[in-house]
Amino acid sequence: MSKPKPKIKKEAVPMPKQDPKERGHNFNEVARGYTEEQAVAEAERCLQCVKAACVNGCPVEVDIPAFIQLVREHKFDEAIRKVKEKNSLPAICGRVCPQEEQCQANCTMGKVGDPVSIGRLERFLADWERERGYEIPQKTASTGKRVAIVGAGPAGLTAAAELIKFGHEVVVFEALHKPGGVLIYGIPEFRLPKKIVEAEAEYIEKLGTTIKMDAMIGRLRTIEELLEKFDAVFIGTGAGLPLFMRIPGENLCGIYSANEFLIRVNLMKAYAFPKSDTPIYVGKKVAVIGGGNVAMDSARCALRLGAEEVKIIYRRSKQEMPARAEEIENAEEEGIVFEFLTNPRRFVGNERGWVKAMECIRMRLGEPDASGRRRPIPIEGSEFTIDVDTVIIAIGRTPNPIIQQTTEGLQVTKWGTIVTDENAETSIEGVYAGGDIVTGEATVISAMGAGKKGARAIHKYLMKSE
Amino acid sequence: MYAIVRKRELAPHTNLFEFSAKEITVKTKPGQFVILRIDEDGERVPLTIAGANVEKGTITVVCHEVGKSTKQLGRLKEGDFVQDLLGPLGKPAEIRKFGTVLCVGGGVMVAPLHFQAEAFHEAGNTVIGVIGARTESHLIYEDEMRKVCNELHVATDDGSRGYKRMDFLKGLLKAKKVDRAIVMGPVVTMKTVSEFTRPYGIPTVVNLIPIMVDGMGMCGACRVTVGDRMMFACVDGPDFDGHQVDFEELMARLKMFTPQEKLAFVFQEEGGRSQ
Ligand SMILES: Cc1cc2nc3c(=O)[nH]c(=O)nc-3n(C[C@H](O)[C@H](O)[C@H](O)COP(=O)(O)OP(=O)(O)OC[C@H]3O[C@@H](n4cnc5c(N)ncnc54)[C@H](O)[C@@H]3O)c2cc1C
Ligand SMILES: Cc1cc2nc3c(=O)[nH]c(=O)nc-3n(C[C@H](O)[C@H](O)[C@H](O)COP(=O)(O)OP(=O)(O)OC[C@H]3O[C@@H](n4cnc5c(N)ncnc54)[C@H](O)[C@@H]3O)c2cc1C
Ligand code: FES
C-alpha cells in the first residue's frame with residue numbers, strides 16, 4: 001500500500017434491486033447483483049485488517065481479506081478460487097447467509113459506517129464465474145472407498161464435494177426429484193433463482209458425484225443396507241417436518257404449513273399453474289404466522305400470487321425477529337403489513353370448511369427465555385378478530401423422522417435430532433451426520449460447515465481403517 | 001425414468017400399470033404407496049401399490065382417471081416412461097393372524113385391497129371379501145379376490161350386480177364373528193363401514209388418501225384428525241383406526257383444490273401443455 005489512498009466511503013455501494021412495485025407481481029430475482037465497477041468500488045472499502053475479525057465470523061472460514069484484495073485488483077478468477085477453497089456454494093451463500101450476524105458483524109468498517117458488503121462480493125464473484133463456465137478441478141486419485149450421502153441439501157452436497165476431493169467415490173441419495181434441499185423446495189425463486197441451485201448441484205456432479213433422486217432412505221434401503229455397500233454414510237436429511245399451532249380450526253381448508261405453500265410454489269412451480277400441474281390457492285387476505293425467513297418467504301410469495309393484503313403475525317417484536325435483516329426490509333418495501341406482539345388463538349371456518357377469520361390476542365414481552373429472547377405473554381382480554389381467507393403457518397420445523405424411525409441403534413434426542421460426537425459421528429460406527437438433522441433448524445452456511453466437518457471426519461475414518 | 005411394461009384396461013377409465021422399478025419391489029409391503037410424476041411439469045400423484053413382482057422387478061398400480069394427471073397417465077402406453085417413481089412410502093399394513101378378517105374395498109381401491117387380502121390369507125386368516133363399485137362394469141379384481149377369500153360378496157351403488165350398496169354388511173356383521181376389518185375406497189365407504197363395525201367393537205382399519213404433496217412428512221397437506229390428534233397420513237399412516245377418524249374434515253379437505261383442478265383439466269384438454 002504505497003500511494004496515499006482516497007478517503008474511504010462510510011456507505012456501502014447499494015445493491016441494485018428491482019422496483020418494489022414491480023417486483024410484487026413477478027418471481028424474478030429481487031436483488032440484481034453488483035456490476036464489476038460496483039464490486040471493485042465496494043472492495044475498495046475493505047481495510048485489509050491484519051487480524052481479520054470477519055474471518056472468525058464465517059462458519060467455513062473463507063479468507064475474506066484475501067479474496068477482497070483480489071477483487072480490488074480485478075483478479076476475479078483468482079478471487080473466486082480463493083472463496084471456493086473454503087466454500088463450494090458461494091452463489092448460494094452470497095444470497096442467503098445472514099451476513100449481518102456473521103462476517104459483517106465483525107467488520108471493522110462497521111464501527112464507523114456500513115460494514116463491507118462481503119456477501120454481495122461473494123455473490124458477485126460466483127455469478128461472474130457461472131456466466132463464464134466453471135473450472136472443474138482435476139480429479140484426485142481414487143482411494144477405492146465408497147461413501148453414501150443421504151439428503152442433497154447444503155449439508156449433503158458440501159460433504160459430497162469434499163469427499164470427492166479426497167478421492168472417495170460418492171453417491172448421494174435424495175428422496176425428492178431435485179437436489180438442493182431447502183434451497184430448491186423452500187427458498188423462493190425471487191431470492192435464490194433455481195437455475196443457480198441447479199448449476200451448483202451440476203458442478204458437484206461434474207466433480208464426479210452421483211446423485212440418485214427418488215430414493216428415500218429408510219424405506220427404499222435402510223442405513224444398515226447402505227453400510228453393506230458403502231464404507232461410510234453421511235446423513236444430512238434436514239428439518240422439514242412442519243410444526244402446527246395446535247389450536248382449534250387448524251385443519252380448515254385455506255390453512256397451509258409454510259412448507260406446503262413453499263413446496264407447491266417453488267419445487268412444484270405452482271406459480272406457473274396451469275402450465276405446471278400443481279395448483280395453489282391464495283385468497284385476498286393472507287395471514288402468515290411467524291417471524292423467520294420462512295415467514296418472509298411465504299408472505300412475499302403470497303403477494304406475488306395476487307393477494308391483496310398480506311399480514312405477518314408475530315408474537316414478539318421486530319427486534320426479536322429471526323429473519324435476515326435484508327429480507328425484512330424487502331418485505332416492508334413490498335407492502336407486507338407486520339402485526340407484532342400478536343398471536344392467533346383459533347381459526348373460524350365457514351359452512352364449507354374454509355377458514356374465514358382468525359381470533360388473535362395481543363402479547364407483551366416478559367423475561368428472557370432459554371433462547372435469550374424475551375418471552376411473549378398473552379394480555380388477557382385483548383382478543384380481536386381479523387378476516388382472512390388464507391393462512392400460512394411458519395412457526396418452525398422439526399427433523400425429518402424417517403431415518404430415525406428405521407435405523408436401529410441410532411441415538412436420537414427427545415427433539416428428534418440425531419446425536420453426534422465432536423467428530424460428527426453418530427452412535428453407529430461409520431455413520432456420520434450433520435446439518436439441520438443434528439442441530440435442528442439453522443442456516444445454510446452452518447449446514448455446509450457441518451457437511452465439511454463430517455467429510456473430514458469420514459476421510460480420517462476411512463484412511464485409518466486402511 | 002421408469003418404464004411401463006404392461007398396461008391393461010380393467011374398467012372404463014381404469015387402468016392397471018406395471019412399472020419397471022426393481023429396487024422398489026424388494027421393499028414393498030401391502031398397504032404402501034408410490035408417488036409418480038409423469039413429466040417435468042407434472043404434479044406428484046400418489047397411488048397405492050397393488051402388487052410387487054420381485055423376479056420381474058415390477059410394481060403394479062391401478063389408477064382411476066379423475067382429473068388432469070390421472071387422465072394423462074391413462075393415455076400412456078406400454079413402453080412409455082414416467083419421469084419419477086418414489087416409494088415405497090407409508091407404513092406397511094399390519095398383517096398377521098387375527099382370525100377372521102373382513103376386507104372391504106370400493107372402486108379402484110379393490111386392487112390394492114387384494115394385495116392385503118392375499119397377505120391376510122397367507123397369514124392363515126379366514127378372509128371375508130367385499131368388493132363394490134358404482135355399477136357392474138366398474139367392478140375390478142373379482143376373480144383375483146375370489147382366489148384369496150373364503151367368501152366374497154359383491155355390491156354396486158345402483159344394484160346392477162350383487163347387493164345394492166353396503167347395507168347388507170349390517171346383517172353379515174350380526175351373523176358372523178369378525179376379528180378385524182380393513183376398508184379401502186371412497187371416504188363415504190370407509191365412514192359407513194366404520195359405523196357398521198363400531199357397535200361390535202371390531203378393530204377397523206381405514207386406508208386414508210387425503211391430498212398429498214411430498215408424501216414424506218414435509219408439508220402437512222395430508223393432515224387428518226384421528227381421535228384428538230393431528231396425524232400426517234403419508235408417514236403416520238396411511239392406515240388409521242376408522243372409529244377415530246374425522247371423516248367430515250377429510251371430505252372437506254379433499255375438495256380444497258377442486259376449482260383449480262378443473263382449470264388444469266380444461267387447460268390440458270385444450271392442448272395447453274403441447275404449446
Ligand atoms: C423457506 C426457508 C427459508 C430459509 N432461508 C434461509 C436463509 O435465507 N438463510 C439461511 O442461512 N438459511 C435459511 N433457511 C434455513 C436453511 O435452508 C437450512 O438450515 C438448510 O437448508 C439446512 O440444510 P440441510 O442440508 O441440513 O437440510 P435440507 O436443506 O433440509 O436438506 C435435506 C434433504 O434431505 C432430503 N431427505 C430427507 N429425508 C430423506 C430420506 N429419508 N432419504 C433421502 N433424502 C431425504 C430432503 O428431501 C432434503 O432434500 C431457510 C429455510 C426455509 C425452510
Ligand atoms: C396415499 C394415496 C393413495 C392413492 N391410491 C390411489 C390408487 O391406488 N388409485 C387411484 O386411482 N387413485 C389413488 N389415489 C388418488 C389419486 O392420487 C388422485 O386421484 C390423483 O392424484 C388425482 O390427480 P388428478 O390430477 O388426475 O386429479 P385432480 O384434478 O387433481 O383431482 C380430481 C378430483 O380428485 C380428487 N383428488 C385429488 N387428489 C386426491 C387424492 N389424493 N385422493 C383422493 N382424491 C383426490 C379431487 O378432490 C378432485 O375432485 C391415492 C391417493 C393417495 C393420497
Ligand atoms: S404429503 Fe406432505 S406431509 Fe404428507
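So that the names make sense, note that chain A is the first sequence line, chain B the second, and so on, each numbered from 1.
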Enquirer: Would you give the length of the straight line joining atom CG of A:Leu176 to atom CZ of B:Arg44, rounded to the nearest 0.5 angstrom?
Expert: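 Atom-to-atom, A:Leu176:CG and B:Arg44:CZ are 5.5 Å apart.
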Enquirer: Given a strict heavy-atom distance threshold of 4.5 Å, which part of A:Met216 is in contact with chain B: side chain, backbone, both, or neither?
Expert: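 Both parts, backbone and side chain.
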Enquirer: According to salt bridge (charged side-chain N to carboxylate O under 4.0 Å, His left out), who are the partners of A:Arg345, at least two apart in sequence or on a separate chain?
Expert: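 A:Arg345 satisfies salt bridge (charged side-chain N to carboxylate O under 4.0 Å, His left out) with A:Glu380, A:Glu383 once adjacent residues are dropped.
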Enquirer: If you tally heavy-atom pairs under 4.5 Å against chain A, which of B:Val224, B:Ile38, B:Val213, B:Thr28 wins?
Expert: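 Top count of heavy-atom pairs under 4.5 Å with chain A: B:Val213.
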Enquirer: Measure up the A:Phe244 and B:Phe232 rings against each other and bin them: parallel (under 30°), tilted (30 to 60°), perpendicular (over 60°).
Expert: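 It falls in the perpendicular class, over 60°.
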Enquirer: Please give me the minimum heavy-atom distance between A:Leu252 and B:Arg253, naming the atom from each residue.
Expert: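 Of all heavy-atom pairs spanning A:Leu252 and B:Arg253, the closest is O-NH1, 3.6 Å.
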Enquirer: How would you list, in number order, the residues of residues 14-26 of chain B that have a heavy atom less than 4.5 Å from chain A?
Expert: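 Residues of residues 14-26 of chain B touching chain A at under 4.5 Å: B:Glu23, B:Ile24.
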Enquirer: Which bit of B:Leu254 comes within less than 4.5 Å of chain A, counting heavy atoms only: side chain, backbone, both or neither?
Expert: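 Contact with chain A is absent: no heavy atom of B:Leu254 under 4.5 Å.
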Enquirer: Tell me, side chain or backbone of A:Ile255 under 4.5 Å from chain B's heavy atoms, or both, or neither?
Expert: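 Both backbone and side chain of A:Ile255 come within 4.5 Å of chain B.
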Enquirer: Could you tell me whether the side chain of A:Glu225 reaches within less than 4.5 Å of the side chain of B:Lys27, counting heavy atoms only?
Expert: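 Of all side-chain heavy-atom pairs linking A:Glu225 with B:Lys27, at least one is under 4.5 Å.
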Enquirer: Could you name the residues of residues 81-91 of chain B that have a heavy atom within less than 4.5 Å of a heavy atom in chain A?
Expert: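 Listed by number, the contacting residues are B:Gln83, B:Asp84, B:Leu85, B:Leu86, B:Gly87, B:Pro88, B:Leu89, B:Gly90, B:Lys91.
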Enquirer: Hey, are the side chains of B:Met256 and A:Tyr256 touching, using non-hydrogen atoms and a 4.5 Å cut-off?
Expert: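 In short, these two side chains touch, coming nearer than 4.5 Å.
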Enquirer: When rounded to the nearest 0.5 angstrom, what is the spacing between CD in A:Glu250 and CZ in B:Arg223?
Expert: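 A:Glu250 atom CD to B:Arg223 atom CZ measures 6.5 Å (nearest 0.5 Å).
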Enquirer: Picking from B:Arg37, B:Glu40, B:Glu249, B:Gln32, which has the most non-hydrogen pairs under 4.5 angstrom with chain A?
Expert: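 Maximum pair count with chain A is reached by B:Arg37.
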Enquirer: If we define contacts as heavy-atom pairs under 4.5 Å, which of A:Ala239, A:Ala258, A:Pro279 has the most with chain B?
Expert: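 Top option by heavy-atom pairs under 4.5 Å: A:Pro279.
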Enquirer: Considering non-hydrogen atoms only, spot the tightest contact between B:Gly217 and A:Pro242 and give its length.
Expert: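 Distance-wise, the nearest heavy atoms are O-CD, 3.6 Å.
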Enquirer: Which atom names give the shortest non-hydrogen contact between B:Ser69 and A:Asp277, and what distance separates them?
Expert: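 Closest approach of B:Ser69 to A:Asp277, heavy atoms only: OG-OD2, 4.0 Å.
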Enquirer: Taking the side chain as every heavy atom from C-beta outward, state whether B:Asp214 and A:Glu260 have any pair of such atoms under 4.5 Å apart.
Expert: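 A side-chain contact under 4.5 Å is absent here.
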Enquirer: For B:Met230 and A:Asn251, which heavy atoms make the closest approach, and how far apart are they?
Expert: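 It is CE-OD1, 3.4 Å.
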Enquirer: May I ask you to check whether over 12 heavy atoms, not counting those of B:Lys7, lie within 6.0 Å of atom NZ?
Expert: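 Buried by this count: over 12 neighbours within 6.0 Å.
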Enquirer: For residues 389-406 of chain A, give me every residue with a non-hydrogen atom less than 4.5 Å from any non-hydrogen atom of chain B.
Expert: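 Within residues 389-406 of chain A, the residues that come under 4.5 Å of chain B (heavy atoms only) are A:Asn400, A:Ile402.
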Enquirer: Is A:Ala215 close to chain B through its backbone or its side chain, or both, or neither, when contacts mean heavy atoms under 4.5 Å?
Expert: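 Interface part for A:Ala215: backbone (N, CA, C, O).
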Enquirer: Contact between B:Met216 and A:Arg219 at the side-chain level, heavy atoms closer than 4.5 Å - yes or no?
Expert: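 B:Met216 does not reach A:Arg219 side chain to side chain.
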Enquirer: Heavy-atom distance under 4.5 Å between the side chains of B:Arg229 and A:Arg246, does that happen here?
Expert: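 Contact flag for B:Arg229/A:Arg246 side chains = no.
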Enquirer: Do B:Lys255 and A:Arg352 have side chains that get closer than 4.5 Å, going by heavy atoms?
Expert: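 Not in contact.
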Enquirer: Which atoms of A:Leu220 come close to chain B, meaning under 4.5 Å heavy atom to heavy atom: side chain ones, backbone ones, both, or neither?
Expert: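 The answer is both parts of A:Leu220.
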Enquirer: Counting heavy-atom pairs under 4.5 Å with chain B, which one of A:Cys253, A:Ser257, A:Gly218, A:Gly353 comes out on top?
Expert: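 Of A:Cys253, A:Ser257, A:Gly218, A:Gly353, A:Cys253 has the most heavy-atom pairs under 4.5 Å with chain B.
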Enquirer: Would you compute the distance between atom CD1 of A:Ile280 and atom CZ of B:Phe257 and round it to the nearest 0.5 angstrom?
Expert: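 Output value for this atom pair is 6.0 Å.
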Enquirer: I'd like to know which of A:His177, A:Met268, A:Arg221 tops the heavy-atom pair count under 4.5 Å against chain B.
Expert: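 Max contact count across the listed options: A:His177.
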